[in-house]
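Working notes for the structure below.
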Amino acid sequence: MDTQNPSAPSRAQSAVVGNPTRSRHHTGGVIHENTRHTTRFVVIGNHLTQHKELSLLAIGLGCHIQSLPTGAGADIKSLAARFPEGTTRIAAALRELEAHGYLRRERVRTPTGRIITRTVSCNQPGHPRRPADTNCPDPQPRPAQPRRAQPRPRKALPAVPQPSRTAPALHQQATDLLTGLRRHDPRLLLSATDTEHLAPGVIAWLERDVTPTAVRHALTADLPDDPLRRPAALLAHRLAAQLPPPPPYRPPATPPPVHHGLRTCDSCDRAFRAPTTETRCRDCRKAAVTHP
């Protein structure tokens, strides 16, 4: 009973001199009251929640992004609408997460050709990258677009008869006749180019003693009931196919005889008809030649 135990402390030891923050009694610090989660939870590593270089805002934002379901908005505009921090602070926190490998933003092209920004959250930076399940299919190579066929040049209008002379008055009359055809049939609305092409054919008809009314009737009579795809082509065909023959030859009319006025002969005072240059009648002129 009188044997002593040299290893037993003689008295209670005080706090370690080298660790003054350690209290004798563990009454300070956080105390956890944990309840096991069975739904609506996410596993986040302490390497993020206790990161020594990330700001508190970046840590909280990283935890929030890792808790989001796939496809949720994680851009600056969506996060600024969710939290009271402004876009400047949220953008800075996102850059921190990108710099430490917790976040990656990629620009991808959808099958429709649209460019979108895909946000990839990495819960363990440094591990081999795996394709993120973003419900966005990988862009497929765009098939080669077939070369668009060049439009065929428009077929030229049929030729029209050409007039023997070009008088400005006839050209204006032919132009007025063609522009007035739309009053008889709205389908005969002609462009300026078509009118310029058809005008010589109308002049050729007018030169053949055809009245404008007859020309108009020949162009507008018995038109088909179907829509006219190119009315100028139909009119050009009619001007050439129905061109009337030239009018019959008419010799120039003999000019009427000239009737001189009565004058008085200077020799015999007899009245006679002669040009003003004659001063004597015919008999006096003959007598002057016979008996000079």
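- A continuous path of hydrophobic side-chain contacts links Ile44 to Leu94 [ILVMFWY only; heavy atoms under 4.5 Å].
- Sorted by first and then second residue, the pairs that involve residues 199-209 and meet side-chain hydrogen bond (donor to acceptor under 3.5 Å, both in side chains), not counting sequence neighbours, are Ser164-Glu207.
- Between Asp194 and Leu235 the shortest side-chain heavy-atom distance does not fall below 4.5 Å.
- Electrostatic pairing of Arg187 and Asp185 counts as a salt bridge here, judged by a charged N lying under 4.0 Å from a carboxylate O.
- By the rule that hydrophobic residues join a cluster once side-chain heavy atoms approach within less than 4.5 Å of another member, Leu177 and Leu189 end up as members of separate clusters.
- Between Arg105 and Glu98 a salt bridge is recorded (basic side-chain N to carboxylate O distance below 4.0 Å).
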I would like to know whether Arg270 and Asp283 meet side-chain contact (heavy atoms from CB on, under 4.5 Å); could you show each step before the answer? CA-CA 10 Å; Arg270 189 173 61 177; Asp283 295 339; 2.6 Å; yes

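- Smallest separation of non-hydrogen atoms from Ala74 and Thr119: CB-CG2, 4.1 Å.
- Thr87 OG1 to Leu79 CG: the interatomic distance, rounded to the nearest 0.5 Å, is 11.0 Å.
- Listed for the Arg285 side chain is a donor-acceptor partner under 3.5 Å among the backbone atoms of Arg280.
- In this structure, NE2 on His100 lies 14.0 Å from SG on Cys122, to the nearest 0.5 angstrom.
- Residues Cys265 and Cys281 come closest through the heavy atom pair SG-N, 3.2 Å.
- Leu54 has its side chain within reach of Tyr102: a pair of non-hydrogen atoms, C-beta onward, lies under 4.5 Å apart.
- Contact of the His171 side chain with the Pro163 side chain is not registered, since no non-hydrogen atoms from C-beta on lie closer than 4.5 Å.
- Nearest heavy atom pair, residue Pro158 against residue Ala236, reads O-CB, 3.6 Å.
- At a threshold of 4.5 Å between non-hydrogen side-chain atoms, the residues His32 and Val30 count as touching.
- His237 NE2: 12 or fewer foreign heavy atoms inside a 6.0 Å radius.
- With a 4.5 Å cut-off on side-chain heavy atoms, Glu96 and Glu53 do not count as touching.
- In the displayed structure, Arg230 atom CZ is contacted under 6.0 Å by more than 12 heavy atoms of other residues, nucleotides or ligands.
- The shortest heavy-atom contact between Gln162 and Pro200 is OE1-CB, 3.6 Å.
- Taking hydrophobic clusters as Ile, Leu, Val, Met, Phe, Trp and Tyr residues chained together by side-chain heavy-atom distances below 4.5 Å, Phe83 shares a cluster with Ile59.
- Of all heavy-atom pairs between Thr211 and Leu206, the closest is C-CD2, 4.3 Å.
- By the criterion of side-chain heavy atoms lying less than 4.5 angstrom apart, applied directly or through intervening Ile, Leu, Val, Met, Phe, Trp or Tyr residues, Val42 is grouped together with Ile65 in one hydrophobic cluster.
- Looking at Leu223 and Arg238, their side chains come closer than 4.5 Å, going by heavy atoms from C-beta outward.
- Tracing side-chain contacts under 4.5 Å through hydrophobic residues (I, L, V, M, F, W, Y), one never reaches Leu103 starting from Val120; they form parts of separate clusters.
- Rounded to the nearest 0.5 angstrom, Leu190 CG and His197 NE2 are separated by 11.0 Å.
- The two residues Ala174 and Ile203 have their closest heavy-atom pair at CB-CG1, 3.7 Å.
- Residue-environment remark: CD1 (Ile115) exceeds the threshold of 12 foreign heavy atoms within 6.0 Å.
- Side-chain contact between His184 and Leu219: absent, with no pair of heavy atoms (C-beta onward) separated by less than 4.5 Å.
- Summarising the geometry, atom CD belonging to Glu196 is positioned 6.5 Å from atom OG1 belonging to Thr175; distances are rounded to the nearest 0.5 Å.
- For the atom pair CG (Leu188) and CZ (Arg182), the distance works out to 11.0 Å, reported to the nearest 0.5 Å.
- When side chains are defined from C-beta on, Gln66 does not count as touching Cys63, because their heavy atoms never get closer than 4.5 Å.
- Of the N and O atoms on the side chains of Thr110 and Thr112, at least one donor lies less than 3.5 Å from an acceptor on the other residue.
- Distance check: His64 NE2 to Leu57 CG gives 11.5 Å after rounding to the nearest 0.5 Å.
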